[in-house]
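See below for the structure under consideration.
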Amino acid sequence: MLEKIKETADYIRGRMHTHPEHAIILGTGLGALVEHISDKTELDYKDIPNFPVSTVEGHSGKLMFGKLGGKDVMAMQGRFHYYEGYSMQQVTFPVRVMRELGIKTLFVSNASGGVNPGFRLGDLMVITDHLNLFPDHPLRGRNIPYGDRFPDMSEAYSRRLADLAFSVGRAKGINLRKGVYVGVQGPTFETPAEYKMYRLMGGDVVGMSTVPEVIVARHCGMEVFGISVITDLWAEGKTSEVSHEEVQKVANASQETMSEIVKELVRIS
Ligand code: HPA
């Protein structure tokens, strides 16, 4: 595993013209951030040795290098989800490669379903903590010596970066929520009883990504910031359908705002 990570990092390093310490995983809701990255060079995932092969036809995903908010950044356009059939090692492989490339801070975004009754569609939530409900764990197996066998998770999401994000939000007049992200495998959206259970467990939103990447990033010693766009809402006693199209539509409407926050956060962090 470690050999593969190093091999991939060597390949990428040979094609990098910058030395980024900030990386961004552009999940749903952050696609528009790509437009803000200047002096870009791109690598197709399909050309990168050992990178997982995309399950979506004609959509391989790209690794990007460039400048954002005056800083060198590395960005992943397209992530690997557990529900697609990848192992946890594959889902989190790019994060370990980032560690080899010198990344110190990771920004992640996603779309999620709101179970906090105070939330509204299109709200942006700074992730302050998570519940890991995936059926497999990315650190299961022999410990890779990037971090401890039993890593501390008392501050999976950096308080420093979250506080900075709130100050950015205040300065820009953007009302940011905060809360706990429940990570589940999907690909089904939740039944009403499941949404209710996640609320009772202490969650504010539920989604199908992010948690494995964040666990591995923390094991690698990175500081992590996570932000989520709320694309559908559960409410007690109300049955409403959720579709991928609707999730995409709501996420798209909030893209610019989310991009603004992350860009400014990269600049000042
Ligand atoms: N559940 C799980 N994942 C999601 C949801 C949801 O309601 N919305 C967007 N991603």
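These numbers come from the heavy atoms of this one structure, side chains and all, not from hydrogens, waters or symmetry mates. In each ligand, atom 1 is the first atom listed, and ligand 1 is the first ligand listed.
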Is there a side-chain contact between R99 and H219, using heavy atoms and a 4.5 Å cut-off? no
The protein heavy atom nearest to atom 4 (C) of ligand 1 is V206 O, 3.7 Å
Do you know which two heavy atoms are closest between L161 and S269, and how far apart they sit? CD2-CB, 3.6 Å
Relative to the heavy atoms of T231, which atoms of ligand 1 are at a distance of less than 4.0 Å? 8 (N), 9 (C)
Report the nearest protein non-hydrogen atom to atom 10 (N) of ligand 1: residue, atom name, distance rounded to 0.1 Å. A111 O, 3.4 Å
Y195 heavy atoms, cut-off 4.0 Å: which ligand 1 atoms fall inside? 1 (N), 6 (C), 7 (O)
Check this for me, if you would: do K178 and D204 make a salt bridge, where the nitrogen-to-carboxylate-oxygen distance has to be below 4.0 angstrom? no
For atom 8 (N) of ligand 1, find the nearest protein heavy atom and state the residue, atom name and distance (0.1 Å precision). D232 OD1, 2.7 Å
For atom 3 (N) of ligand 1, find the nearest protein heavy atom and state the residue, atom name and distance (0.1 Å precision). G207 CA, 3.4 Å
Short side-chain donor-acceptor distance under 3.5 Å, E213 and T92: no
For atom 5 (C) of ligand 1, what's the nearest protein heavy atom and its distance? G113 N, 3.4 Å
Counting heavy atoms under 4.0 Å, the part of W234 that contacts ligand 1 is neither
Starting from atom 1 (N) of ligand 1, find the nearest protein heavy-atom neighbour and note its residue, name and distance. E190 OE1, 2.6 Å
Atoms of ligand 1 under 4.0 Å from any heavy atom of S112, numbered from 1 in the order shown, are 5 (C), 8 (N), 9 (C), 10 (N)
Under 3.5 Å: donor-acceptor pair, side chain of Y198, backbone of E190: no
D10/R13 ion pair, N-O < 4.0 Å: yes
Have E223 and Y157 got a donor and an acceptor in their side chains that come within less than 3.5 Å? no
